[in-house]
Amino acid sequence: MIEILSPAELAHARTSGALVADILQELRARTTVGTNLLEIDGWAKELILAAGAESCYVDYAPSFGRGPFGHYVCTAVNDAVLHGMPHDEALADGDLLTLDLAVLRHGIAADSAISFTVGASQPAANTALIHTTEQALAAGISAAGPGARLGDISAAIGTVLRAAGYAINTEFGGHGIGSTMHQDPHVPNTGRAGRGYRLRPGLLLALEPWVMADTAELVVDPDGWTLRSATGARAAHSEHTIAITQDGAEILTLPR
Ligand code: MF3
Ligand code: CO
């Protein structure tokens with residue numbers, strides 16, 4: 001089922017989105033060389049609960065994971081890209097880290113992910129991946145608006161990823177979001193313009209392009225959650241929750 005939010009629900013979506021953006025920026029600011037992934041998870045828990053919000057992750061037990069996730073943020077390092085389960089690992093200079101966070105507040109969820117380099121060095125291999133997912137996300141958002149079709153978003157994202165030379169994995173992509181984190185419709189990271197569901201005001205979508213440097217194949221860690229590139233190559237992921245409005249698309253998880 002595809003949810004269409006009322007104006008009152010959209011107001012809650014804005015505050016949920018702002019909270020997710022604030023927490024991600026705070027986690028990023030606190031993260032330095034030597035930070036342990038479990039510390040980041042602890043900070044995420046504190047910040048979510050202090051805001052009177054709920055984690056969309058801690059009790060989440062979908063078919064693509066193993067049992068409840070049990071953590072508050074996804075932490076994916078280097079070759080890990082999606083659903084990175086926080087574990088006892090200290091970050092090193094030059095690590096490529098993705099933080100992915102979703103919370104529920106006043107009954108409405110918001111979901112966002114950022115990728116960045118830890119420490120002072122900026123390895124070119126990281127910045128190319130990160131830049132591409134950010135550009136693809138921007139292109140997907142530009143293609144969204146009332147009357148546009150789902151395929152317009154997918155095509156815009158896929159065009160940017162492919163032009164940068166990346167192969168696209170369609171097992172995981174964006175999704176509808178609203179009273180729960182994962183809803184219809186699925187938003188693949190490649191597709192055909194002019195096809196698919198017609199977007200309308202009140203629809204919330206999480207768009208999330210991700211790429212791995214030299215492969216489209218994923219492998220899963222023994223934890224049953226963390227997805228890595230099959231080749232060990234690095235990967236990046238960028239995600240925003242957007243609302244379709246009368247005038248276009250509004251990004252709800254933009255940092256202030
Ligand atoms: N927020 C992720 C997404 O972008 C889903 C994470 S599920 C979790 O859709 F259980 F791993 F947290
Ligand atoms: Co998402």
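Only a predicted model underlies this, so the values are computations on that prediction, with no experimental measurement involved. Atoms within each ligand, like the ligands themselves, are counted from 1 in listed order.
Sorted by chain and number, the heavy-atom contacts of ligand 1 below 4.0 Å come from Y57, Y60, F69, C74, H83, D100, D111, H175, M181, H182, E208, W225, E239.
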**Prompt:** What do the steps show when you test H175 against H186 for ring pair (Phe, Tyr, Trp, His ring centres under 6.0 Å), and what is the final call?
**Reply:** CA-CA 5 Å; H175 48 92; H186 176 59; 8.6 Å; no
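Residue-environment remark: CD (E217) stays at or below the threshold of 12 foreign heavy atoms within 6.0 Å.
Here the side chains of L207 and H240 are not in contact, with every heavy-atom distance at 4.5 Å or above.
Between the side chain of D95 and the backbone N or O of L97, no donor-acceptor pair lies under 3.5 Å. Listed for the T226 side chain is no donor-acceptor partner under 3.5 Å among the backbone atoms of D221.
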Tell me which donor-acceptor pairs under 3.5 Å the side chains of residues 27-34 have, and how far apart each pair is, sequence neighbours excluded?
{"unit_1": "R30", "atom_1": "NE", "unit_2": "E26", "atom_2": "OE2", "d": "2.7"}
{"unit_1": "R30", "atom_1": "NH2", "unit_2": "E26", "atom_2": "OE2", "d": "3.2"}
{"unit_1": "T31", "atom_1": "OG1", "unit_2": "L27", "atom_2": "O", "d": "2.6"}

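Hydrophobic clustering (side-chain heavy atoms under 4.5 Å, transitive across Ile, Leu, Val, Met, Phe, Trp, Tyr) keeps L19 apart from L104.
The pair D79-R234 does not meet the salt-bridge criterion, since no charged nitrogen lies less than 4.0 angstrom from a carboxylate oxygen.
Protein atoms of type N, O or S found under 2.8 Å from the Co ion (ligand 2) total 4.
Applying the under-4.5 Å side-chain rule to Ile, Leu, Val, Met, Phe, Trp and Tyr, the cluster around F64 extends to Y57, Y60, F69, V81, L82, M85, F172, M181, W210, M212, L218, V220, W225, L227.
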